[in-house]
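Order of the sequence lines fixes the chain letters, A, B, ..., with proteins taken first and strands second; residue numbering starts at 1 for each chain.
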Number of protein chains: 2
Amino acid sequence: MAEVKLLGKWPCPYVLRARVALQLKKVEYEYLEEELGGKSELLLKSNPVHKKIPVLIHRGRPLCESLIIVQYIDEAWLAAPGLLPASTHDRAFHRFWAAYFDDKLSPLLTRLRNGERGRANEEAAEGVKLLEEAFVRLSEGKGFFGGDEIGYLDITIGCHLGWIRVTERLMGFKLIEEAKVPALAGWAERFCAHEAVQGIMPETEKLMEIFQLAQIHMKRSKR
Amino acid sequence: MAEVKLLGKWPCPYVLRARVALQLKKVEYEYLEEELGGKSELLLKSNPVHKKIPVLIHRGRPLCESLIIVQYIDEAWLAAPGLLPASTHDRAFHRFWAAYFDDKLSPLLTRLRNGERGRANEEAAEGVKLLEEAFVRLSEGKGFFGGDEIGYLDITIGCHLGWIRVTERLMGFKLIEEAKVPALAGWAERFCAHEAVQGIMPETEKLMEIFQLAQIHMKRSKR
């Protein structure tokens, strides 16, 4: 049995967070792809409370919730790079913006994908602008939120870039655009081109297909 | 100017989290009570993104979000007691149950206070049962989730006990009851009697008053 296993589904940005963290730390792991639309016995047994991916199984013990898994990976494999900043104050700030993304911006992107417009458009543009300002402040002229290397906050936001692109296509305009948020646009390109991300970030085309299939499925089940 | 300031409102369980953490670490701080229903200039300036309490200001630098503040306090004042467990695995588990409380159980309690019944009753009872099981596993026969002393998870859940009691009164029955969840009932008593909590946990009577005032206010503004 592999020492480290990860249960996931390829379109899931939360699973991608765990994968990128493991790649950055150069941890060998067995990736177990769950069937889309299904839940394996192992998943139900490993995450009985939420029954959700990702689940990281380390030495037979399961861990759940993507950002808790990323922090666990950072603490369990101490080899560089550190994913959270060394300074107590910076750690709090990275956690703050990660929570902002998950609690505010990510639900907003979901609403936009589901067809909501008007005020939601503006709110998303304002949110992205706030991230641009946060990036300029936290990166201090370096390539990533975490400095020279991808860190906790880069992973948190960056792993959603595939779905952000899907959202942009559906809306017909770009949220992360050079002209409006130049620092964030550069960061997004660097993140996707990083060797820990490149091979596992799902293609926008494929995410679009998955999204459209899910929409059809939802409409049918509403009838 | 005091080195540590905390902006809060007395009925707020999230503010209480920061206060209990500061008390446990024996950090001297200036507590600045915000007006109920208002937001001071200092608050708006210190938390421009969410404009919410609590805000901890340490050496002039503001920090927001209660659980991020508690972790910051744990990391910035290293003197015992440690609020998060020493073991990487246990830390992940404490974070998991803290997120469970904030994301699942706490919104459910709010719905119950606002009059929802039926399935919400059952869900809350199931949630409390899960916490009972988690307590038995994590405390290993000791008095608190964190062992012999109050820790991160105790603070997360315990600071809501005042509002849980308000919810119980409104529902007409107890959620945390000796007969149903004996370990959790004992823990709740110990938590409220702890010297770091005793003087600052708001009385249930006063929270009831605040709740009823807020309800009247809501009904009026709906007219």
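Within the 4.5 angstrom heavy-atom criterion, atoms from both the backbone and the side chain of A/His89 approach chain B. Looking at A/Arg95, both its backbone and its side chain come within 4.5 Å of chain B, counting heavy atoms on both sides. For A/Glu75, the parts lying near chain B are the backbone and the side chain together; criterion is any non-hydrogen pair under 4.5 Å.
A distance of 10.0 Å separates CG in B/Asp74 from OG1 in A/Thr88, rounded to the nearest 0.5 Å. We find the CZ-CG distance between A/Phe93 and B/Leu63 to be 6.0 Å, quoted to the nearest 0.5 Å.
Within a 6.0 Å sphere centred on NE2 of B/His50, other residues, nucleotides and ligands contribute more than 12 heavy atoms. A 6.0 Å sphere centred on NZ of B/Lys45 holds no more than 12 heavy atoms belonging to other residues, nucleotides or ligands. Few gaps surround CD on B/Glu122; more than 12 heavy atoms of other groups in view lie less than 6.0 Å from it. Atom NZ of A/Lys25 has more than 12 neighbouring heavy atoms from other residues, nucleotides or ligands inside a 6.0 Å radius.
Nearest heavy-atom pair, B/Ile68 versus A/Ala92, reported as atom, atom and distance to 0.1 Å: CG2-O, 3.6 Å. B/Cys64 approaches A/Phe96 most closely through the heavy-atom pair CB-CE1, 3.8 Å.
Contact count against chain A (heavy-atom pairs under 4.5 Å) is highest for B/Arg61 among B/Arg91, B/Lys104, B/Arg61, B/Gln71.
Annotation: residues 9-18 of chain A contacts chain B through no residue [non-hydrogen atoms, separation under 4.5 Å].
No side-chain heavy atom of B/Tyr100 sits under 4.5 Å from any side-chain heavy atom of A/Glu65.
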